[in-house]
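Since the structure comes first, as structure tokens, the remarks are kept for the end.
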Amino acid sequence: MAAKAAAKKGTAPKGNAEDYLRMYRQMVRIRAFEDNANQLYLSAKMPGLTHMYSGQEAVAVGICEALTDDDKITSTHRGHGHCVAKGADFKAMFCELLGKEEGYCRGKGGSMHIADQSHGNLGANAIVGGSMGIATGAALSAQLRGTDEVTVCFFGDGATAQGLWYEVMNMAALWKLPVIYACENNGYSEYTKTEEIAAGSLTARAEAFGIEAHKVDGQDVLAVNELTQKLVARARKGEGPFFIELDTYRYHGHHVGDINREYYRAKDEESEWKSTRDPILNFGKWLTEQGVVSEDDLVAINDEIRADAEAAVAYAEAARYPDASEVDMHVYVDSPELDAALSKQSA
Amino acid sequence: MAAKAAAKKGTAPKGNAEDYLRMYRQMVRIRAFEDNANQLYLSAKMPGLTHMYSGQEAVAVGICEALTDDDKITSTHRGHGHCVAKGADFKAMFCELLGKEEGYCRGKGGSMHIADQSHGNLGANAIVGGSMGIATGAALSAQLRGTDEVTVCFFGDGATAQGLWYEVMNMAALWKLPVIYACENNGYSEYTKTEEIAAGSLTARAEAFGIEAHKVDGQDVLAVNELTQKLVARARKGEGPFFIELDTYRYHGHHVGDINREYYRAKDEESEWKSTRDPILNFGKWLTEQGVVSEDDLVAINDEIRADAEAAVAYAEAARYPDASEVDMHVYVDSPELDAALSKQSA
Amino acid sequence: MREITLSKAVNEAIAEEMRRDPTVFLIGEDVAEAGTPFKVLAGLVEEFGTKRVIDTPISEPGFTGMAVGAALTGSRPIVDLMFGDFIFLIMDQLCNQAAKACYMSGGKLNVPLVLRTNLGATRRSAAQHSQSLHALVAHIPGLKVAMPSSAYEAKGLMKTAIRDNNPVVIFEDKLMYQDKAPVPEEEYLIPFGKANIKREGTDITLIGTSSMVQVAEKAAALLEKDGISAEVIDPRTIVPLDEETILASVRKTSRAIVIDEGHQSYGVTGEIASRISEKAFYHLDAPVLRMGAMDVPVPFSPALEDLTVPTPEAVAERARQSVRGELFDAA
Amino acid sequence: MREITLSKAVNEAIAEEMRRDPTVFLIGEDVAEAGTPFKVLAGLVEEFGTKRVIDTPISEPGFTGMAVGAALTGSRPIVDLMFGDFIFLIMDQLCNQAAKACYMSGGKLNVPLVLRTNLGATRRSAAQHSQSLHALVAHIPGLKVAMPSSAYEAKGLMKTAIRDNNPVVIFEDKLMYQDKAPVPEEEYLIPFGKANIKREGTDITLIGTSSMVQVAEKAAALLEKDGISAEVIDPRTIVPLDEETILASVRKTSRAIVIDEGHQSYGVTGEIASRISEKAFYHLDAPVLRMGAMDVPVPFSPALEDLTVPTPEAVAERARQSVRGELFDAA
Ligand SMILES: Cc1ncc(C[n+]2csc(CCOP(=O)(O)OP(=O)(O)O)c2C)c(N)n1
Ligand SMILES: Cc1ncc(C[n+]2csc(CCOP(=O)(O)OP(=O)(O)O)c2C)c(N)n1
Ligand SMILES: [Mg+2]
Ligand SMILES: [Mg+2]
């Protein structure tokens, strides 16, 4: 991945144009991916369920743009955004969502288990909080292997109720692990408001373990990116771990099938966020205001990405399912070095 | 149980003489119990292992003396002290330690599972942190049943590393449950110093959930009792939950077999605590200074309790083992009302 | 008789018991206003209020542990675990605490707790939302395990579970929530440990659990066309297990297949098959066959997932082989 | 050949592999200076330092999850779980995460992790420190499960486990740590999935796991006095299971008893017995017998605890009944 933006809102916007545009494009790519995924669901072409990331794009992009391919992330049930932001390809993603052989996981994982290890994405997880240990262990491994890799652990506000988080924060703090806990506080876990399920303060919970904690507007991609860059740089030097709480909002229901949701959140609230705090609209407006791009440029970007996404969907729809013989493959992986040692021994 | 002391160090010691003496006696009872248990182990008369409470007596007694029999406690692997302090009988305890039929659990539980529900002791637990949910649930049940019972959850500093604690603190705080989390910080978990396994601050961890937290000298029975009385009274009124960190020390090894322990803690440290901060010695001295009792009285109390303990040991040694037929009893309990309904239905 | 869905049957069972006994309460994630993602508990919070239908944070070990504590102190909690796969998170509270409290206390404590959760694949929910993990809890003494196979069974077994003074784990098949069956308006309980002979037959015994009872029944219908008479048995509870009814059937038919949606190895089929093989040894004309789910994590892709669970056709085919004696040659 | 204890054998295996491969590290409670409460790991921290022998807080789910993450990213962790009973705490990380990562990613991820823990009752440690829970993990596809029966086995199986690219759970019997056996100085590995015929015999096959191999051998010695020739088989790993060796033996002897220290119901004995009953059906002269631990939580009292596990005398008695044909009458 290319060098990242030393983004600072208001300073030399044109000088950082390339970085800004990449961030903009990545946010649009996520939105386009999700709109298509939603459509696949609504037209009954997608098996199972899926959780839309739309609305939270600035979080994934602001953070992942501060990382290299060697840096790791762990993701969640609401993971398409992280996957795209960390560099994944539309075709392999849509193939995975449709259970096709060319999917990232050969169709075995689906939406909730997309992993893309080539870009350092260790995988989505269908157990809320389930990847907190994995992320912290990846950071431990980075430290043991003597690298300067950093791991970002994405999770939702609801996941802060899982005890696992406190266990691994304690160890991360004791051993100064290069891990950043990124809590996307979108105000809800499933059909419940965060304030009903979270006592006290989330940042204080991290601070109680001696972990430096930050709060940031998760709708502002530059603010997210700027903070993350600083923390990543410090984590590389052994000053981690860190905690970031990102204020954000999910535009859709908890999952694609959660259509009638007025019993737990008001339509007004949704339209308020969409009209005033949309991360793509606002960033696009700022880019044009700053003269980085024209409105027409933005439209063109949008059109191009939408076309890409639709082509990828068409590709995935036409792609092959895995052969029946794959059903009992990959339960175990081979151990060629062990096998060689064993056959040498018996020889 | 009789009314409890509104103990205030330095105020009207004679007026509270009865309460003070009961606390003193209870501490001596714990010490006597443990000395005998240790002796049973050293003379190979006790099956398995056990964890000595000696040194921590002021914690169990200071807290339990602020509770009634209707109030509940949950205990730990180091649980004899809590059991005695909550009102248990020596004979049934020693019988349990020796696996005898007359033990509190008919010999099925042993040292790590003593329960004495008649005094509200829901049981020791051999899973570190394993009773944190149970205690919090007992508080929930008290609230649901409309009682003013309070539950105290005892655990060690090491147990704060279990994620379960954070899960239940969150719920206790959200629902204002009448539970008091009492962390006996004796400086070690097994063979490891607390500072090596606990990052940040324990009180801050509770406070992060909006839980009022206190630190108290766990060697000072009156300080412990005074604080606990206040918190219990407030918890009864729905002002809970609370957290107390009690500074204390275990005199023996992690378990009775942990004899050579200089590799993890210095002999000097042990003798320092024993000589300057012993909860029984210091409280005894204060009682005589204040003219509540004479030294001779204390010796007499001590002798009487020691004799009691030895008699209980002798009783337990002579007691019967459970009959072989008990081995598959108590896996399930009967459900007489259900059975009646079922037979009515089939009639 | 009226027909209602399994979902409604469970809802009715819980509502009736909550009306009867004020100490019964529900606890779990999104059980109140949302009525669970499967909507099974819809309406209960309106009747019983948020004190008895308690929405929790996403803290499975925490609220399960709390339910154990509540059960030890005069309440009768029903724990709602949204997916059976999450049972891995609560194993300590379920198996080290709830299951053992009675025994470890020499019978002085007991834990009247119901854990309601689910099982079942082919919902395209992938490996962490599709497991059938009932064998794990069946292995732990101190727990009872119920496996309803229809709306009728679900209601009766749930009511019994709530009244049992021991911890009971009840696995509903999440694909059956909308399945309807006749359920009487009048109250009834279904005793634990009494198998149900769903269909009588003489040539082979098909023992199925949960939705595999339906698979067995469909297989029996297929076999009938071939002139093979299959007896179908639903054990209803796998702990306690009604060995006698199963053995009596196999002694009559001389052949058996055990069908279960848990992984085949080290699971339910091995237990039941080995009991039959041992205790009806003299009567067997063919090896007892086992049909569990494949020993693979559940794949997401529909093209693969459907291959992992027993189907009526596959069961019928194995039964035919058994009756024809083909399996003898294989041994 | 020199004789060393099982404890020393495990220690040697880990030390050798840590010398060979710098990516191997140990993580768990009191593994460093204390060398675990059983002292099995004594000396390792002195050689490999605290970066590779990592003492943790009492956070079993936490450090197991971290080991999964480390294994996914180029390290080969050995997780030390102090008591097998604590496996209930880590089931999610072990069974939902470690076991499934490879399959869910279509083979792109893998988790070279060893979980070393223990099993075994009669140590007077009561219900939460005495369980033998290997059947639970054996039920979950994606995990391998090794059950060493001696110092020799413990060393070879541990070395193989560390080199395997999949998650392996290895259960040591905590009562065997001081048992000595001949162990060569030279390096060796023991392949997974190849059973060991510990003793040849013609009249009956005794299949035992872990310490039950010794129980089976002692039973065989007792039977020899009665003129009964017992073959003793140690499967070594229950996943993968060497069915062929077991079946070949039973086809020869026509009789079998499966002995395991896990609870009998829904456990290991049912799996192995049902495979034999199915696949050696034609060759069996008597029902395959199962001898697991009693289906009760492990009681503390010595007077009760010793009753719960299979003994050589009990195994020999069952074997005599089988050979005499007494079991036929019972059926
Ligand atoms: C351990 C576990 N419990 C419950 C669930 C069901 N579940 C899936 S997503 C979700 C809510 C998660 O909320 P949050 O962490 O805030 O993430 P968000 O959905 O808002 O992105 C729940 C309860 C689960 N998948 N895993
Ligand atoms: C879940 C669990 N992990 C590990 C152990 C082993 N163990 C028993 S006591 C103990 C130390 C507990 O330390 P602390 O909580 O401070 O209590 P203390 O022994 O100091 O009273 C450990 C690690 C256990 N019993 N349960
Ligand atoms: Mg959320
Ligand atoms: Mg301690």
Side-chain angles (χ1 to χ4, degrees), chain B residues 72 74 96 101 103-110 113-118 122-123 125-127 130-145 147 149 151 163-164 166-171 174-175 322 326 328-339 341-342 345-346, chain C residues 21-23 25 27 51-52 54 56-75 77 90 92-93 96-112 141-144 159-167 187-192 239-240:
Chain B
K72 306 291 186 283
T74 61
E96 192 56 38
E101 185 189 276
Y104 269 113
C105 310
R106 301 193 69 79
K108 282 191 163 125
H113 302 290
I114 288 195
D116 171 18
Q117 85 295 355
S118 62
L122 297 178
N125 210 306
I127 302 297
S131 66
M132 290 163 161
I134 292 172
T136 312
L140 173 67
S141 164
Q143 191 187 67
L144 291 176
R145 287 178 290 111
T147 73
E149 294 164 20
T151 303
L164 182 62
Y166 306 90
E167 299 194 358
V168 298
M169 274 202 290
N170 187 33
M171 289 184 269
L174 286 168
W175 305 335
E326 294 214 16
D328 58 1
M329 280 167 58
H330 309 128
V331 181
Y332 299 98
V333 73
D334 290 341
S335 305
E337 288 179 34
L338 169 60
D339 293 342
L342 281 165
Q345 173 177 298
S346 64
Chain C
D21 181 348
T23 69
F25 72 93
I27 187 163
K51 283 269 156 207
R52 291 181 70 196
I54 306 175
T56 65
I58 313 175
S59 304
E60 289 84 359
F63 64 73
T64 305
M66 288 172 63
V68 178
L72 285 169
T73 53
S75 297
I90 62 162
D92 179 62
Q93 292 301 317
N96 273 334
Q97 310 297 344
K100 294 179 173 48
C102 181
Y103 192 84
M104 292 194 306
S105 68
K108 288 192 182 149
L109 298 171
N110 70 302
V111 182
L143 302 175
K144 298 186 178 182
K159 285 173 66 85
T160 302
I162 296 170
R163 298 196 199 181
D164 198 294
N165 286 335
N166 299 283
E187 162 155 286
Y188 64 98
L189 302 164
I190 297 180
F192 284 3
V239 179

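All values below were derived from every heavy atom in this structure, side-chain atoms included, with hydrogens, water molecules and symmetry-related copies excluded. Lettering of chains follows the sequences in order, A, B, ..., and the numbering in each one begins at 1.
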Less than 4.5 Å apart, side chain to side chain, heavy atoms only: is that true for B:C105 and C:L109? no

Is any side-chain heavy atom of B:L140 closer than 4.5 Å to a side-chain heavy atom of C:P77? no

Closest heavy-atom pair and its distance - [X], [Y]:
X	Y	result
B:E167	C:P61	OE1-CD, 3.2 Å
B:L174	C:P57	CD1-CG, 3.9 Å
C:M66	B:W175	CE-CZ3, 3.7 Å

Could you tell me the separation between the [atom1] atom of [X] and the [atom2] atom of [Y], rounded to the nearest 0.5 Å?
X	Y	atom1	atom2	value
B:L144	C:K51	CG	NZ	6.5 Å
B:D328	C:Y103	CG	OH	7.5 Å
B:Q143	C:S75	CD	OG	10.5 Å
C:M104	B:N125	CE	CG	6.5 Å
B:K108	C:K100	NZ	NZ	14.0 Å

Does any N or O in the side chain of [X] come within less than 3.5 Å of the main-chain N or O of [Y], such that one atom is a donor and the other an acceptor?
X	Y	result
C:R163	B:S335	no
C:S105	B:A115	no
B:Y332	C:L143	yes
C:K108	B:Q117	no

Report which part of [X] has an atom under 4.5 Å of a heavy atom belonging to chain B: side chain, backbone, both, or neither.
X	result
C:D164	both
C:T23	neither
C:F25	side chain
C:L189	both
C:K144	both
C:I162	neither

Which bit of [X] comes within less than 4.5 Å of chain C, counting heavy atoms only: side chain, backbone, both or neither?
X	result
B:M169	neither
B:D334	backbone
B:I114	neither
B:L164	side chain
B:E149	neither

Any idea which of B:G130, B:S131, B:P336, B:G109 has the most non-hydrogen atom pairs under 4.5 angstrom with chain C? B:G130

Taking every non-hydrogen pair under 4.5 Å, which of B:R106, B:E337, B:R145 racks up the most with chain C?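 Of the options given, most contacts go to B:R145.
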
Any idea which of C:P22, C:G107, C:A98 has the most non-hydrogen atom pairs under 4.5 angstrom with chain B?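 Among C:P22, C:G107, C:A98, the one with the most close pairs to chain B is C:G107.
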
Highest number of heavy-atom pairs under 4.5 Å with chain B among C:L72, C:T160, C:I58, C:I190 belongs to C:T160

Assess whether side chain to side chain contact (heavy atoms under 4.5 Å, CB included) is satisfied between C:N165 and B:L338, documenting all intermediate values. CA-CA 9 Å; C:N165 286 335; B:L338 169 60; over 6 Å; no

